[in-house]
Amino acid sequence: MAMRKNRLLEWPLCVFVVCAFSVYPVAGQVRYSIPEEMTLGSFVGDIAKDLGLDPQRLVAGRARVFSAGDSEYVGLDREKGQLLVKERMDREQLCVEMPACSFSFDVILENPMELFRVTVEVLDINDNSPVFPKREIELEISELAVPGARFSIENAVDQDVGENALQKYMLNPTDHFNLNIQGSIDDRKHIEMVLQKPLDREKTKHHYLTLTAVDGGDPQRSGTVQIHIVVLDVNDNAPAFSQATYKAFVPENAAKGTLITTVSATDADEGSSVNIEYYFEHATKSIQELFTIDPISGEVRVVGDIDYEKNKQFQIKVKAKDHGGLTDSCSVVIDVIDINDNIPKITVMSFSSALPEDSVPGTIIAMINIQDLDSAENAEITCSIHNNLPFKMESSLSNYYNLVTESVLDREQTAEYNITITAVDGGSPPLSSKKTLSLKISDVNDHSPQFPQESYDAYVFENNVPSRSFFSVSATDADRGSNARVSYFLEDGSLNGAPLSAYLTVNSDSGVLYAVKPFDYEQIKSFKINVKAQDGGSPPLSGNVTINIFIKDENDNVPQVLYPVQTSGSLVAEMVPRSADVGYLVTKVVAVDVDSGQNAWLSYKLKKTTDRALFEIGLQNGEIRTIRQVTDKDAVKQKLTVVVEDNGQPSRSATVNVNVAVADSFPEVLSEFTDITVDREYDNNLTFYLVLALAVVSVLFIFSIIAIVTVKIYRWRQNRLFYKSAANLPVIPFYPPVYPDGTLGTLQRVYNYEVCGTTDSRMSNVKFARPYSQNTLVDVSCMGTMQRENREQEDADVDGEQNPPNNDWRLNQQGQRPGPSGTYRYSTSTQEIWTPYGKARAGPHPEGAGGVVAGTGPWPNPPTEDEQIQALMAAANEVSEATATLGHRYNAQFPMQHVPDYRQNVYIPGSTATLTANPQQMMSQPALQGPPQAMPQVDVPNAAQTPASKKKSTKKDKK
């Protein structure tokens with residue numbers, strides 16, 4: 001076997017390329033020669049290179065191999081463009097006894113369709129040895145046979161052809177016989193064994209010879225057979241056939257037992273013809289299965305199924321043998337007559353199951369091969385389809401047909417075609433076959449979406465829920481698949497200055513319209529939108545539809561009363577004279593409702609009246625009229641509550657109060673209606689805001705309290721530290737400035753204040769001394785204060801002169817307490833201590849100081865608020881009087897606008913009262929000519945007070 005494989009590799013491949021035929025669709029032919037028995041996957045030929053094709057064309061055109069037979073020996077590799085062995089090829093099975101063996105197939109390409117014919121010749125290799133029909137041959141030869149007698153031998157069979165076929169025979173031993181071969185070595189009639197010298201039965205009854213058949217292959221193969229010769233007694237004449245060749249005809253599919261022919265042989269010996277025996281010589285297996293011969297009569301009959309398509313002729317060698325062992329042979333040639341017993345075979349070589357509907361006429365749908373194994377007119381094929389289809393059959397080559405389109409296709413009319421192809425042969429009777437192809441017309445986007453109507457009317461209630469659907473549209477597309485998938489879009493537009501998308505949207509898949517926000521009938525009553533339906537084709541097609549959207553009114557507005565006008569600050573009343581008769585028109589309630597339809601139908605009713613028997617109101621017009629005569633007993637003040645109700649479902653109403661005065665004069669009406677309070681109708685939302693404001697204020701108040709308490713605690717802790725350190729601080733005296741003219745400035749008296757404080761003066765006590773007397777000496781040169789005179793002189797100064805009461809310091813006589821009624825002009829050694837918190841309190845009288853402390857006397861400590869006011873006002877008056885005596889000198893150097901008027905506003909630390917100076921003092925005062933005269937006291941209204949001090953003053957007045 002190894003030698004055999006090596007032998008296969010040594011065979012060269014022969015390739016013959018034939019130019020393209022002019023008949024479409026065969027584009028070219030190519031022929032290859034390969035040895036048989038090649039292994040699977042072996043290279044046959046480069047089809048792309050040999051045909052001049054780009055390898056990518058094979059891939060794009062979906063190239064494939066089509067074979068008319070059942071076996072496909074060669075396959076195609078598209079990627080490499082090569083033909084490869086797909087099945088085992090045995091030349092002896094493919095071609096049997098034919099010397100030249102080949103088979104053909106087609107290579108089909110699509111887009112566009114092309115057909116290439118490929119023929120592969122299978123070359124023989126020496127893979128078969130010569131074989132004899134029998135392993136041993138027995139011959140009976142008479143001893144009287146003369147030299148030169150010939151005896152036929154069954155020759156060997158070698159299925160190989162050419163040099164690999166049978167080449168020679170060798171016989172061994174050759175004492176009595178040798179071989180005589182006439183003609184070609186493969187002619188079976190001329191293989192004979194010739195007797196060289198006579199046989200002697202008495203010496204040798206049996207002779208054994210070996211016949212060897214040798215072929216011409218490399219290496220050579222051979223086959224042998226043993227020949228046994230039996231020497232018989234005398235038989236002078238051999239049988240002889242009447243004809244060397246018998247010819248007969250038999251129809252295919254002949255019944256079994258049918259007599260084909262009869263062979264006959266005669267023997268010159270007496271009685272030997274009766275004993276002649278007939279048999280097939282060198283009969284193959286197929287002949288033995290189809291035919292038989294009667295050994296006595298020589299009749300050849302049919303015993304199997306004869307098929308013209310397999311074997312058109314049979315050659316049978318018949319041998320006749322007599323009783324003496326002498327033989328003769330003849331040939332029987334049987335020709336098979338073809339009968340139309342094969343229907344045409346339809347093979348679809350290429351078929352596009354889906355075809356675009358926009359295909360032009362003449363587009364190839366399928367390539368079809370039709371074969372009929374019969375011959376002559378039985379193999380003539382007529383191919384056709386139904387006439388009512390937009391297709392036709394065109395013949396390109398013998399037995400090749402193309403199915404092409406004949407007219408324009410429309411998938412919307414017919415989406416699928418069942419094409420029945422009928423092939424009829426020319427036999428009698430004719431045979432036919434049918435093949436049905438199912439062709440689907442693929443869709444092309446040639447139809448736009450269509451709406452059932454050109455426009456729609458949609459209704460939606462106002463105050464609708466957002467994101468809720470209220471209408472839907474649907475469009476249909478006659479196309480299919482993605483071309484029929486419709487999407488919906490809202491075309492651009494605006495409504496009241498806003499885009500339409502702010503009001504509504506459309507579902508792109510279902511076409512359902514959704515409201516983005518609630519509609520208000522009072523603002524928008526109707527509008528139009530355009531919805532576009534677009535398919536998914538390429539390019540996409542679209543259709544439009546107009547939708548008229550009408551907003552339906554709901555009873556969402558309460559009636560609004562236009563008259564009478566309800567105000568919170570004023571009262572409107574209708575006057576009815578007491579002489580009014582029945583049906584007197586009092587007034588008319590006028591109301592409107594911004595809704596429409598029955599929601600705006602208003603009705604008027606009296607809900608509550610002071611005297612129900614006196615007035616009535618018109619149900620539709622709202623006119624209030626009297627229903628009886630007005631009498632003197634009727635109350636002047638009449639209050640009517642009118643309910644204005646619309647006709648909606650549910651209904652809404654508004655209430656208005658009508659005040660009616662039954663009187664003849666206006667003063668009478670005024671006296672009765674002074675205590676009328678106007679009802680106020682608050683909005684329900686106002687309560688929420690009030691509660692919210694109260695909560696915010698409460699929270700802020702709590703945080704304020706916490707902050708104040710925290711600050712108080714912080715200050716209290718700081719005060720404790722400052723009070724502990726205040727006792728060790730020195731007293732720093734203050735000296736007034738001395739002016740260049742030798743005076744002390746604008747004041748005639750010297751005011752010396754001693755201030756004691758800690759590092760944080762705000763947190764310490766400040767001590768103010770009352771003004772010193774005129775006897776205080778001032779050393780201008782040294783800017784120091786001389787020692788005061790003795791105490792007795794000071795007391796004399798104090799006791800010697802007393803000022804009259806100040807006109808600007810006026811207190812109610814009821815508010816005065818026992819003690820001095822005025823202030824002292826010269827008051828010494830009186831101290832006021834200011835606390836860190838700004839509150840004034842009386843300090844102790846300094847030891848040795850004369851005079852009376854202003855505002856103290858016999859009053860208890862601490863002084864009251866009135867006492868503090870009296871003391872401060874007295875000090876202010878003294879400053880005012882002092883500034884009035886300055887004259888023109890002060891006015892020239894120091895303008896009065898720089899001198900504050902302490903009498904205008906006086907703030908009392910620790911009190912909520914603020915004193916305002918007398919308006920008379922705002923005028924310019926003349927210079928004092930002499931001592932001030934006492935002015936009578938005049939009662940005037942109290943000084944301005946804050947709300948916090950009102951309660952205190954009221955309590956004091958009551959006391």
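All residue numbers in this chain count up from 1 along the given sequence. This one's a predicted model, so the numbers in the text were calculated from it and none came from an experiment.
- In terms of heavy atoms, R301 sits closest to G257 at NH1-O, 3.0 Å.
- Scanning both residues, D443 and R480, for their nearest heavy atoms gives OD2-N, 2.9 Å.
- Between the side chains of H447 and D479, at least one donor-acceptor pair of N or O atoms lies under 3.5 Å.
- Of the possible polar contacts, one joining the E357 side chain to the R411 backbone as a donor-acceptor pair under 3.5 Å is found.
- Exactly one residue among D425, V424, I346 makes a side-chain contact (heavy atoms from CB on, under 4.5 Å) with I381. That residue is D425.
- Between S510 and N507, the shortest heavy-atom contact is N-OD1, 3.1 Å.
- Not one N or O on the side chain of N530 forms a donor-acceptor pair closer than 3.5 Å with the backbone of E491.
- Inter-residue side-chain proximity for E92 and D124 is flagged as met; some heavy-atom pair is nearer than 4.5 Å.
- Counted within 6.0 Å of CZ on R57, heavy atoms from surrounding residues, nucleotides or ligands total more than 12; the atom is thus considered enclosed.
- Atom-to-atom distance recorded for I368:CD1 and M393:CE is 4.0 Å, nearest 0.5 angstrom.
- Using a 4.5 Å heavy-atom cutoff, the side chains of V74 and V65 are not in contact.
- Between F451 and Y488, the two ring planes are tilted [angle within 30° to 60°].
- Residues V107 and F105 approach most closely at CG2-CE1, 4.1 Å, considering heavy atoms.
- Here the side chains of I421 and Y401 are not in contact, with every heavy-atom distance at 4.5 Å or above.
- At a cut-off of 3.5 Å, with distance as the only test, a side-chain donor of S350 or R64 sits close to an acceptor on the other residue.
- The structure places OG1 of T420 at 8.0 Å from CG of L389, a figure rounded to the nearest 0.5 Å.
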Check your understanding: Would V302 and D305 count as a side-chain contact (heavy atoms from CB on, under 4.5 Å) if you check the C-alpha gap in whole Å, the side-chain angles of each, and the deciding distance to 0.1 Å?
Key -> CA-CA 8 Å; V302 178; D305 297 329; over 6 Å; no

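- Side-chain atoms of S542 never come within 3.5 Å of backbone atoms of P449 as a donor-acceptor pair (strictly under, hydrogens ignored).
- Within the structure, ring-ring contact (aromatic ring centres under 6.0 Å, His included) contacts touching residues 56-88 (residues at least two apart or in different chains) are Y73-F103.
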Exercise for review: Evaluate the criterion side-chain contact (heavy atoms from CB on, under 4.5 Å) for residue pair V59 and E79; output intermediate values, then yes/no.
Suggested key: CA-CA 7 Å; V59 178; E79 302 295 335; 4.2 Å; yes

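- Within the 3.5 Å criterion, the main-chain N or O of N164 finds no donor-acceptor partner in the side chain of R221.
- Once rounded to the nearest 0.5 Å, the distance linking CG of N402 with OG1 of T363 reads 12.0 Å.
- Around the CG atom of D335, the shell of radius 6.0 Å holds more than 12 heavy atoms that belong to other residues, nucleotides or ligands.
- The number of heavy-atom neighbours closer than 6.0 Å to CD of E416, taken from other residues, nucleotides and ligands shown, is above 12.
- Although no hydrogens or angles enter the test, the distance criterion places a donor-acceptor pair under 3.5 Å between the side chain of N445 and the main chain of P539.
- No donor-acceptor distance shorter than 3.5 angstrom exists from the side chain of S329 to the backbone of V318, with no hydrogens or angles considered.
- A salt bridge links E110 with R62: the closest approach of a Lys/Arg side-chain nitrogen to an acidic carboxylate oxygen falls below 4.0 angstrom.
- Listed for the Q82 side chain is no donor-acceptor partner under 3.5 Å among the backbone atoms of D77.
- The local environment of NZ in K440 is sparse, with at most 12 non-hydrogen atoms from other residues, nucleotides or ligands closer than 6.0 Å.
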**Study point:** V531/Y456 under side-chain contact (heavy atoms from CB on, under 4.5 Å): CA gap, chis, key distance, verdict
**Key:** CA-CA 11 Å; V531 176; Y456 293 90; over 6 Å; no

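- Using bins of under 30°, 30° to 60° and over 60° for the plane-to-plane angle, the ring pair Y169/F132 lands in the tilted bin.
- Counting heavy atoms of neighbouring residues, nucleotides and ligands inside a 6.0 Å radius, atom CG of N387 does not exceed 12 of them.
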Exercise for review: Please step through side-chain contact (heavy atoms from CB on, under 4.5 Å) for the pair R31 and S102, ending with a clear verdict.
Suggested key: CA-CA 10 Å; R31 184 182 182 90; S102 63; 4.2 Å; yes

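- No donor-acceptor contact under 3.5 angstrom links the side chains of E121 and T119, judged on distance only.
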Check your understanding: Are E380 and T382 close enough, and set up right, to give a side-chain hydrogen bond (donor to acceptor under 3.5 Å, both in side chains), and what steps lead you there?
Key -> CA-CA 7 Å; E380 295 179 359; T382 301; over 6 Å; no

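- When atom types are taken as modelled, the side chain of S433 and the backbone of P344 share a donor-acceptor pair closer than 3.5 angstrom.
- A distance of 14.5 Å separates OH of Y417 from CG of L437, quoted to the nearest 0.5 Å.
- Counting only heavy atoms from C-beta outward, the side chains of E37 and D90 approach each other to under 4.5 Å.
- Contact annotation: the side chain of D307 never approaches that of L373 to less than 4.5 Å [non-hydrogen atoms, C-beta and beyond].
- In this structure, CZ in F489 is found 5.0 Å from CD in Q534, a value given to the nearest 0.5 Å.
- How far CG of N483 is from CG of D477: 7.5 Å, rounded to the nearest 0.5 Å.
- Listed for the D160 side chain is a donor-acceptor partner under 3.5 Å among the backbone atoms of N128.
- I306 is listed as a side-chain neighbour of F314, based on a closest heavy-atom distance under 4.5 Å.
- Listed here is the closest heavy atom pair of Y400 and M349: CE2-SD, 3.2 Å.
- With contacts defined as side-chain heavy-atom distances shorter than 4.5 Å, the pair F351/I365 qualifies.
- Under a 3.5 Å cut-off, the side chain of N126 and the backbone N or O of Q220 do not form any donor-acceptor pair.
- Between F280 and I316, the shortest heavy-atom distance links the atoms CD2-CG2, 3.3 Å.
- The side-chain contact (heavy atoms from CB on, under 4.5 Å) test with V118 singles out one residue from I47, L51, D106, and that residue is I47.
- Side chains of L94 and E36 form no contact here, defined as non-hydrogen atoms less than 4.5 Å apart.
- Between E72 and K86, at least one side-chain N (NZ, or NE/NH1/NH2) sits under 4.0 Å from a carboxylate O, which counts as a salt bridge.
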